[in-house]
Each structure stands twice: as structure tokens, then as C-alpha cells.
Amino acid sequence: MFRQGDVLIMPVAEESVPAGIAEAAGEPRDARGRLILALGEVTGHAHAVTGRGRLIREPGPADGPMLLHLPEGGRVVHEEHAAIPLPRGWFRVVRQREYLPGSVRIVAD
Amino acid sequence: MNDVNTWRGVAAATGAADRAAAERGVRLAYRTAGLAEPERIIWADSPLAGVTAARSLDGGGRSVRDAVRTRPWAAERRRMHDALGPAGWAAHWNTTGARLWDTTRALAERIRGGVLDSLAGKPEEAAELRPVLLDAVLGQHDAAWLAAFDGRSEPLEGLAAVARHAGWWWPYENAVVICERPTALHRDEAGRLDRSDGPALAYPDGFALYAWRGMPVPAEFLDELASLTPERIRGESNAELRRVMLEHYGYDRFLADSGAKPVHRDETGILWRIALADDEDVVTVEVVNSTPEPDGTSRTYWLRVPPTTRTAKEGVAWTFGLSSDAYEPVRQT
């Protein structure tokens with residue numbers, strides 16, 4: 001389990017990856033060829049993964065978790081946080097949230 | 001073909017409309033629908049002005065919104081649905097329109113509410129305008145479904161062109177009323193209207209909405225935020241406004257100024273609790289960023305967690321949807 005700021009990256013055993021996800025369309029890469037785990041809309045800073053692999057949004061709410069597949073491992077980078085090397089495998093990417101009475105909101109740094 | 005981020009930009013675009021380009025889009029949409037081009041195109045400075053102009057339009061004829069917008073949209077949706085199949089359509093929608101749906105729909109809803117609120121003193125007028133308001137083609141705020149059809153649906157090119165260059169519009173047989181875009185739009189990371197020192201949404205004629213992290217607030221309330229005191233915050237009887245005050249004042253400052261004591265401390269951070277009269281306690285975790293700032297200091301921040309939280313670790317784990325036991329990062333930065 002790895003944490004970079006407001007993003008948590010949890011290893012997922014390959015056998016527990018939901019059916020259909022492996023074949024599902026992946027998220028497009030950004031102009032610099034990176035997979036964007038979370039984008040700060042105000043700062044423009046992003047938690048991004050470099051290296052081969054795919055990022056797949058799980059069905060559900062727009063800000064729901066995403067699955068990250070890195071067949072050869074990769075590296076998660078951000079303008080304000082130290083980079084973290086990631087081993088190869090499947091991961092679930094979770095955004096940090098904050099409690100609000102009656103609802104919950106996503107945190108962004 | 002544009003991507004979903006281009007349409008995200010269209011939905012959030014501010015500044016003067018490109019009137020010539022928008023009018024070309026309007027004419028194209030009419031021709032595509034098999035209609036004669038409108039004789040008159042009337043510009044309005046906000047949805048409030050637009051709905052008023054549409055209501056009092058003289059000789060505009062009947063609304064042709066169905067022919068211009070609804071039917072072509074439904075036909076294209078059916079065509080793509082048949083071509084892609086139900087699962088294919090759902091997957092396509094998930095990667096396009098669904099990304100923009102919640103925020104643009106919420107924004108349009110807030111604008112409708114703001115228009116009706118501004119007429120609150122005139123209930124008869126509000127009742128008359130409500131159906132007209134619901135009848136608008138949303139221009140830039142139709143970005144979600146236009147994103148789903150982009151590059152695949154020639155019959156929607158006229159509608160897409162208007163959306164790229166202008167705000168809401170009302171198509172009638174002989175005339176079109178079309179609105180300028182906002183002059184200012186401020187939202188938080190979650191896409192909600194949010195600004196502490198002015199209107200979160202404003203149009204050229206002064207029509208504006210004030211909000212703090214999505215919550216509508218009176219303009220005067222924002223002026224007061226600059227001079228808050230812990231006593232004033234504790235004394236506020238409206239729980240929602242008090243929450244806004246607390247967030248604006250800063251939990252950290254409020255904790256320090258009210259002499260609050262930490263409830264629990266562990267390797268993940270510190271848990272604080274503030275008791276409030278007639279409201280649930282405010283419980284926050286104080287966390288220190290693992291990566292120092294360029295000046296060598298570490299940024300501390302506070303996240304509100306459910307009032308049932310007992311330990312700092314439980315609070316941090318909750319922010320990621322995990323139980324205290326399951327939260328074990330091996331590396332954090």
C-alpha cells in the first residue's frame with residue numbers, strides 16, 4: 001500500500017480483479033504520455049504514473065476508484081511530492097475524502 | 001474530434017460569446033432540423049435576462065426546441081446505442097458524458113434556482129417563467145451529452161457549435177434568444193461553486209450566484225467572513241452557515257483560539273474534537289505532509305472525519321474508505 005498526498009494506491013491480487021476489467025477500455029494518457037490518477041483542477045498538478053500499463057475506471061460514480069495495471073512496474077510522480085516506485089501488478093487507486101455532515105467530499109492537494 | 005477535457009473547458013468557459021460563430025451554429029441547427037433559419041437573433045446578458053426576453057418575445061412563434069434539439073439528440077442517441085450495443089453505449093458514456101454530467105447538471109440547476117430566487121418578490125412572474133426556464137437549450141451546459149456525440153454525429157454539429165461559443169438559448173419559429181456566457185466562474189476541486197471574496201458565478205448584467213464550497217450564501221455573509229471570531233462562530237445558530245464559518249476561519253486557528261485539547265495521537269497524526277451546541281461535534285485529524293515544502297517546512301493540514309472516530313489512525317484510514325486495521329502504507333510521500 002502506497003500513499004502520495006491525497007491518493008492511496010493499494011495492491012490488488014490478480015484473481016480478485018473484477019471480471020471484464022482486464023478487457024475494458026483504459027483511460028487515455030495525457031499529452032506527456034502519463035496516466036493521470038488524480039488532477040488538481042486549481043493547481044494543475046497531477047498524481048501521474050509513468051511507464052507501461054493501463055488505468056481503468058471502475059463502473060460507478062465519476063470519482064469512484066480506478067484500477068491500475070502495471071505489467072512491468074512503474075513510478076507515481078507529482079509536482080509537490082516525492083516519486084514512489086511501484087512494483088508490477090494490479091492496484092486500486094483511491095482518492096482521499098473528507099467528512100461533511102450529510103455527505104462526503106473528495107480532497108485534492 | 002475533441003476529447004472530454006475540451007468539453008469540460010466548454011462547460012466552464014467564461015468571457016464574451018463569439019456571437020458570429022454562435023449564430024452560424026444556430027442557423028445550421030435550424031437547417032439540419034429542416035426549418036427556415038430564424039429571422040431574428042436576440043442576445044441577452046444572462047439566463048435571467050434571457051428567460052425574461054424569451055417570455056416577452058413578440059412574434060417569435062412557437063418553440064421549436066423539440067425539432068432543433070430534442071429529436072435530433074434522441075435519434076443520434078438511438079443510432080449510437082444500436083451501433084455500439086447496450087454495453088458499448090454504457091462504456092462510451094462512462095468515458096465521455098458521464099465525466100461531465102454531475103457538475104454541469106448541478107451548475108445548470110443552480111442557475112435555474114438563482115433566476116427564480118431573483119424573482120422571489122414576484123411569485124406570479126416566477127410561476128410564469130419556470131416552464132420557460134426549463135425549456136432552454138443549455139448551450140455550453142449541454143457539454144456532457146455533446147461530448148458523448150462529438151465527432152460521431154453530424155446532425156448535432158449546429159448544437160455543438162452554439163455550445164462552443166455561447167450560453168443558454170431558446171429557439172422559436174421566427175426568433176432565437178441567446179445568452180452570453182458568464183464573466184466569472186469559480187469552483188472547488190469537487191466542481192462545486194465556491195468563492196469567498198465575490199460571486200462564484202457572474203454574468204455581464206450583474207446576475208450572480210454566491211456560494212462557499214457549493215453552499216449558496218448571501219453576498220453579505222461573505223463580507224462578514226473576513227472579521228470572524230470564535231465567539232461569533234459559536235453563536236451562529238444556522239448549522240450550515242456555522243460550518244462555512246469554521247472552514248473559512250480554519251479548524252487549526254479555531255482549535256488554537258478555543259484552547260481545544262487533542263483527543264488522540266499516534267504515528268498517523270492527531271485527532272481533535274470541538275463540541276458545538278445543538279450540532280454534532282467537529283472531529284478532525286491533523287496530518288503532516290510527508291514531503292517537506294521547498295523551504296524545508298512540512299505542511300500540516302486538517303481533514304474532517306465522522307464524529308464517531310476514536311483514534312487518529314482510524315480517522316486517516318476513514319478518509320481512504322478503509323478500516324483502521326486495513327490502513328498500512330509501506331511508503332508515503
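Proteins get letters first, then strands, A, B, ... in listed order; numbering begins at 1 in each.
Of the possible polar contacts, none joining the B/E286 side chain to the B/W272 backbone as a donor-acceptor pair under 3.5 Å is found. Side chain of B/H186 to backbone of B/D194: no donor-acceptor contact under 3.5 angstrom is found.
Other residues, nucleotides and ligands place no more than 12 heavy atoms under 6.0 Å from the CD atom of A/E14. For B/R265, the CZ atom counts as loosely surrounded, since its 6.0 Å shell holds 12 or fewer non-hydrogen atoms of other residues, nucleotides or ligands. The neighbour count for A/R88 CZ, taken as heavy atoms of other residues, nucleotides or ligands under 6.0 Å away, does not exceed 12.
Of the listed residues (A/V7, A/V94, A/L8), the greatest number of heavy-atom pairs within a distance under 4.5 Å of chain B belongs to A/L8.
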Intermediate values then yes/no, side chain to side chain donor-acceptor pair (under 3.5 Å), A/Q4 and A/H47: CA-CA 8 Å; A/Q4 189 183 57; A/H47 299 278; 2.9 Å; yes
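For A/P11, no part lies under 4.5 angstrom from a heavy atom of chain B.
The pair B/D281-B/R273 meets the salt-bridge criterion, with a side-chain N (NZ, NE, NH1 or NH2) lying under 4.0 Å from an Asp/Glu carboxylate O.
Listed by sequence position, B/T319, B/F320, B/G321, B/L322, B/A326, B/Y327, B/E328, B/P329 are the residues of residues 319-329 of chain B in contact with chain A, using a 4.5 angstrom heavy-atom cutoff.
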